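Comments concern the structure below.
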Amino acid sequence: MTQELNAERLSALGCRNREVKKNIEQPIKVILLDDHPLVLEGLKNRLEREKDMLVVGTFNDPSVMLKRIGALKPDVAIIDISMPGMTGFDLAVEIKKTFDMAIRLIVLSGYVYDEYVHKAYEIGIHAYLSKQATYPQIINAIRQSMLGLRLVPEKMTILQRADQLTPTEKKVLKQIALEKTNKEIARELAMSQRTVEYHMAAINRKLDVKTRVGAVAKGYEIGLLERLYD
């Protein structure tokens, strides 16, 4: 999955400039969860080189972290998904229930499956990063989350746009993938060629492409066309 990120504001935070300025005057308190000691130690050491960050706890057990998190009062929790005893998803749900937006959640995982990413954002995390992410990317995600921003993977943004395709647009895209001409599509779907062109323009806009070839390629890349053939 691509690691290019797009920032979008979380309106629920209602962050104002004065509030943000006040928040960043104090070090950002971070806690870390991972079942690999080297990952924990390496990330802890790198984050503490930043003047505006302080690691207040590292954990390899989600249940222990959940018990201690209230006392540590972190601003940001960086968690792994695949953990013994309790998954990172379950932990994130419990943290959100108790602390809501007071603790920003960032997932750092070796698993970047689409379903994992979608589930994490549905829970309310601020960023989902691969363990192949660089330290600057992780540090940026921490700072952006403190500004009330959510970092969304580019592929997820495209998937969200793809979900906006109308049933007719999906039918047109399927016909394009079958290498049908505009005239053939119009005949197959009982519409004018002008209407076909209108739908093609909408498809290109939503998939962020410029040509019908690009639309088909993007459709296969994000799994949309596979779903249409199911």
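What you are looking at is a predicted structure, and each value in this text was computed from that prediction instead of being measured.
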Residue pair [X] / [Y], side-chain heavy-atom distance below 4.5 Å:
X	Y	result
Thr211	Val209	no
Leu43	Thr58	no
Arg46	Ile139	yes
Pro74	Val30	no
Ile79	Ile106	no

List the atom of [X], the atom of [Y], and the distance in Å for their closest heavy-atom pair.
X	Y	answer
Asn60	Met83	O-CE, 3.4 Å
Ile125	Arg150	O-CD, 3.4 Å
Met65	Leu33	SD-CB, 3.5 Å
Ile69	Leu66	CG2-O, 3.4 Å
Ala141	Ala127	CB-CB, 4.1 Å
Met146	Arg104	O-NH2, 3.8 Å

Taking salt bridge (charged side-chain N to carboxylate O under 4.0 Å, His left out) as the cut-off, I'd like each qualifying pair that reaches into residues 184-204, sequence neighbours left out, listed once.
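The answer is none; no pair qualifies.
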[atom2] on [Y] to [atom1] on [X], rounded to 0.5 Å:
X	Y	atom1	atom2	result
Ile28	Ser145	CD1	OG	7.0 Å
Arg212	Thr181	CZ	OG1	7.5 Å
His118	Ile123	NE2	CD1	13.5 Å

In one Ile/Leu/Val/Met/Phe/Trp/Tyr side-chain cluster, 4.5 Å: Val39, Ile31:
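No; Ile31 is not reachable from Val39 via cluster members.
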Apply salt bridge (Lys or Arg N to Asp or Glu O under 4.0 Å) to [X] and list each qualifying residue two or more places apart in sequence or on a separate chain.
X	answer
Lys44	Glu48
Lys97	Glu94
Arg143	Glu50, Asp52

Sequence neighbours left out, what pairs pass ring pair (Phe, Tyr, Trp, His ring centres under 6.0 Å) with at least one residue falling in residues 182-219?
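For residues 182-219: none.
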Ring pair (Phe, Tyr, Trp, His ring centres under 6.0 Å): which pairs involve residues 46-81, sequence neighbours left out?
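Of all non-adjacent pairs touching residues 46-81, none passes ring pair (Phe, Tyr, Trp, His ring centres under 6.0 Å).
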Look at the side chain of [X] and the backbone N and O of [Y], then say whether any donor-acceptor pair between them is shorter than 3.5 Å.
X	Y	result
Asn140	Pro136	no
Glu169	Thr166	yes
Tyr220	Ala215	no
Gln137	Thr134	yes

The criterion is ring pair (Phe, Tyr, Trp, His ring centres under 6.0 Å); which residues satisfy it with Tyr116, sequence neighbours excluded?
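Applying ring pair (Phe, Tyr, Trp, His ring centres under 6.0 Å) to Tyr116 gives Phe89, Tyr113.
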Pairing residues for [X] by the side-chain hydrogen bond (donor to acceptor under 3.5 Å, both in side chains) criterion, not counting sequence neighbours:
X	result
Asp61	Ser63
Lys29	none
Thr98	none
Thr168	none

Kindly determine whether His126 and Leu149 satisfy side-chain contact (heavy atoms from CB on, under 4.5 Å), including the steps that lead there.
CA-CA 7 Å; His126 280 73; Leu149 298 173; over 6 Å; no
Could you list all the side chain to side chain donor-acceptor pair (under 3.5 Å) pairs where at least one residue sits in residues 67-86, not counting sequence neighbours?
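Those involving residues 67-86 are Asp80-Lys131.
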